[in-house]
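Proteins come first, then strands; the chains are lettered A, B, ... in the order of their sequence lines, and each starts at number 1. None of these values were measured; they are calculated from a predicted model.
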There are 2 protein chains.
Amino acid sequence: MPERKPRKDAARNRAAVLAAADDLFAGCESPEAVTMADIAAAAGVGKATLFRAFGDRTGLIHTLYEARLEPIRNAVEQGPPPLGPTAPPLQRVPALLDAALCFKLDNRHLALALEGTGGDSPYQTEHYDRWHSTLRAVLERIPHLTDADFTAHALLATIRADLVEHLVGRQHVPREQLRAHLAAFTARILDPRAPLS
Amino acid sequence: MPERKPRKDAARNRAAVLAAADDLFAGCESPEAVTMADIAAAAGVGKATLFRAFGDRTGLIHTLYEARLEPIRNAVEQGPPPLGPTAPPLQRVPALLDAALCFKLDNRHLALALEGTGGDSPYQTEHYDRWHSTLRAVLERIPHLTDADFTAHALLATIRADLVEHLVGRQHVPREQLRAHLAAFTARILDPRAPLS
DNA sequence: CGCGAAACGGACCCTCGGTCCGCATTCTAC
DNA sequence: GTAGAATGCGGACCGAGGGTCCGTTTCGCG
């Protein structure tokens with residue numbers, strides 16, 4: 001297990017880069033506006049340091065995103081109901097979607113940066129796969145629901161970062177209203193006799 | 001009305017560029033792989049000609065897309081049921097979505113190129129707006145359905161080019177099966193007492 | 001302290017979208 | 001037909017941004 005611990009300056013620089021990147025993404029509008037050189041400069045570091053630590057732009061964003069996501073992932077994988085695995089499917093599905101939506105609302109810039117990372121589609125990321133398989137597994141436990149796989153994709157498509165950004169950032173839909181809409185939509189999918197709200 | 005007709009060579013070049021671009025996008029995998037220089041070369045034309053005719057990359061893709069889309073837009077705006085405006089909402093919504101899905105299936109490369117045009121989100125294009133307002137208007141005529149606006153967004157998100165590409169191109173879901181899934185999903189949204197299939 | 005390894009940083013390279021400008025083609029007026 | 005103006009042409013050129021190279025610095029350990 002050749003897991004050598006990194007040098008102290010390397011660790012410090014890595015942290016500085018993460019902090020700087022976080023700030024910059026949070027502050028700027030479109031994530032495209034934040035360049036690698038900007039981040040390096042803001043962190044007081046050379047560009048190569050940044051690429052050495054994270055491989056490439058995608059890697060850096062990925063790392064940032066993962067850090068933010070971790071608590072939620074924990075709550076989903078081993079937390080209490082309604083998010084955790086012991087919740088009954090009909091409660092857990094809306095809880096999962098709401099949690100994911102809230103996460104994207106709270107991390108719009110990052111989510112946008114991650115999903116819009118140039119050419120590669122968001123559907124090839126490990127993040128998406130995790131959400132999708134979790135959701136699909138839960139959906140499969142709902143008897144009358146066919147197409148769990150597609151349904152999971154469709155529900156997740158509903159909270160894609162750019163759509164959320166469009167609704168909240170551009171059209172100023174209030175956060176709670178968006179959550180309510182998503183909840184109503186989800187309910188409709190889950191239960192054939194959906195409440196009329 | 002200073003609508004001067006273009007010179008003959010200009011028209012010819014414009015057509016050549018469109019044809020070349022169409023071919024290249026159809027032939028290559030990711031649309032990012034097709035550069036403006038490639039298109040110019042394939043059309044036997046200088047780069048400036050290409051930019052003069054279409055403004056920028058987005059403009060070119062937009063033009064291509066619009067050309068392909070026109071027949072469908074006609075069918076939607078003034079065609080017969082179930083696509084046309086005289087169809088009853090409960091039939092027209094699935095018809096609209098199916099038509100849009102089929103269009104994306106038939107024009108994966110273009111749709112992908114358009115939606116993935118660098119930084120600007122697909123939600124700011126005129127295409128999307130048109131689909132969205134059409135769909136929303138129809139949804140609003142369905143009595144028990146609240147949130148027509150959000151629902152329209154959600155349903156359209158279901159057929160986003162990159163998702164379609166992921167399902168069909170990467171996971172090899174057959175075309176007809178995807179259509180069936182979408183139909184089932186739509187039905188669930190439209191009618192609280194959805195068929196159990 | 002000394003020395004090898006690890007990390008640093010910024011100059012550098014490359015690709016790609018987009019522009020410039022001197023030259024060629026086409027239209028129009030006679 | 002021809003002259004002159006307008007329009008279009010094309011490829012060299014530019015700037016931005018992601019990613020790399022390599023001489024120099026820093027770290028950690030004996």
Side-chain angles (χ1 to χ4, degrees), chain A residues 2-21 24-25 27-64 109 112-120, chain B residues 1-21 24-25 28-65 112-120:
Chain A
E3 190 69 21
R4 319 275 288 285
K5 55 179 52 176
R7 252 166 57 170
K8 219 181 321 185
D9 52 352
R12 185 169 26 83
N13 281 334
R14 183 186 170 90
V17 167
L18 283 173
L24 287 185
F25 279 123
C28 283
E29 282 318 297
S30 129
E32 313 269 325
V34 178
T35 77
M36 295 290 107
D38 290 342
I39 296 173
V45 136
K47 265 175 62 176
T49 297
L50 188 156
F51 282 97
R52 210 175 305 113
F54 301 100
D56 58 5
R57 183 171 229 264
T58 306
L60 170 56
I61 296 174
H62 197 85
T63 304
L64 277 174
H109 312 289
L112 221 39
L114 186 66
E115 292 187 17
T117 297
D120 42 344
Chain B
M1 184 56 52
E3 189 71 18
R4 317 278 285 289
K5 55 179 54 175
R7 254 166 55 171
K8 221 179 314 187
D9 52 353
R12 185 166 28 82
N13 281 335
R14 184 185 170 90
V17 167
L18 283 174
L24 287 186
F25 279 123
C28 283
E29 281 319 295
S30 129
E32 313 268 325
V34 178
T35 78
M36 296 288 107
D38 289 342
I39 297 174
V45 135
K47 265 174 62 175
T49 297
L50 188 156
F51 282 98
R52 210 174 306 111
F54 301 99
D56 59 4
R57 183 173 231 265
T58 306
L60 169 57
I61 296 174
H62 197 84
T63 303
L64 277 174
Y65 197 78
L112 221 40
L114 187 67
E115 291 187 18
T117 297
D120 41 343

Between [N] ([atom2]) and [X] ([atom1]): distance, integer Å:
X: B/Leu50; N: D/dG11; atom1: CG; atom2: C1'; result: 13 Å
X: B/Asn13; N: D/dG8; atom1: CG; atom2: C1'; result: 9 Å
X: B/Phe54; N: D/dG8; atom1: CZ; atom2: P; result: 13 Å
X: A/Ile61; N: D/dG19; atom1: CD1; atom2: C1'; result: 15 Å
X: B/Asp56; N: C/dC16; atom1: CG; atom2: C1'; result: 14 Å

Helical bend (five base pairs per end, nearest 10°) for the helix from C/dC1-D/dG30 to C/dC30-D/dG1: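 One end axis against the other gives 10°.
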Give every donor-acceptor pair under 3.5 Å between a side-chain atom in residues 38-52 of chain A and any protein atom, sequence neighbours left out.
| from | atom 1 | to | atom 2 | distance (Å) |
| --- | --- | --- | --- | --- |
| A/Asp38 | OD1 | A/Thr35 | OG1 | 3.4 |
| A/Asp38 | OD2 | A/Thr35 | N | 3.2 |
| A/Asp38 | OD2 | A/Thr35 | OG1 | 3.3 |

Side-chain N or O of B/Thr49 less than 4.0 angstrom from OP1 or OP2 on D/dG8?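 It does not, given that no N or O in the side chain of B/Thr49 lies less than 4.0 Å from OP1 or OP2 of D/dG8.
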Nearest 0.5 Å, what's the NE2-CD1 distance between A/His109 and A/Ile61?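 If I round to the nearest 0.5 Å, the distance is 13.5 Å.
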CG-CZ distance between A/Leu64 and A/Phe54, expressed to the nearest 0.5 angstrom: 7.0 Å
Return the minimal non-hydrogen interatomic distance between [X] and [Y], and the atom names on each side.
X: A/Phe25; Y: A/Ala113; result: CE2-CB, 4.0 Å
X: B/Leu60; Y: B/Met36; result: CD2-CE, 4.3 Å
X: A/Cys28; Y: A/Val34; result: CB-CG2, 3.9 Å

Show me the pairs that pass salt bridge (charged side-chain N to carboxylate O under 4.0 Å, His left out) and involve residues 8-17 of chain B, at least two apart or across chains.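 The answer is B/Arg7-B/Asp9.
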Within residues 37-46 of chain B, which residues have any heavy atom lying less than 4.0 Å from an atom of DNA chain D?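 Per residue number, the list reads B/Val45, B/Gly46.
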All N/O contacts under 3.5 Å from nucleotides 13-17 of chain D to the protein, with atom names and distances to one decimal?
none

Base-contact (B) and sugar-phosphate-only (S) positions in nucleotides 21-29 of chain C, heavy-atom cut-off under 4.0 Å, - elsewhere: ----BSS--
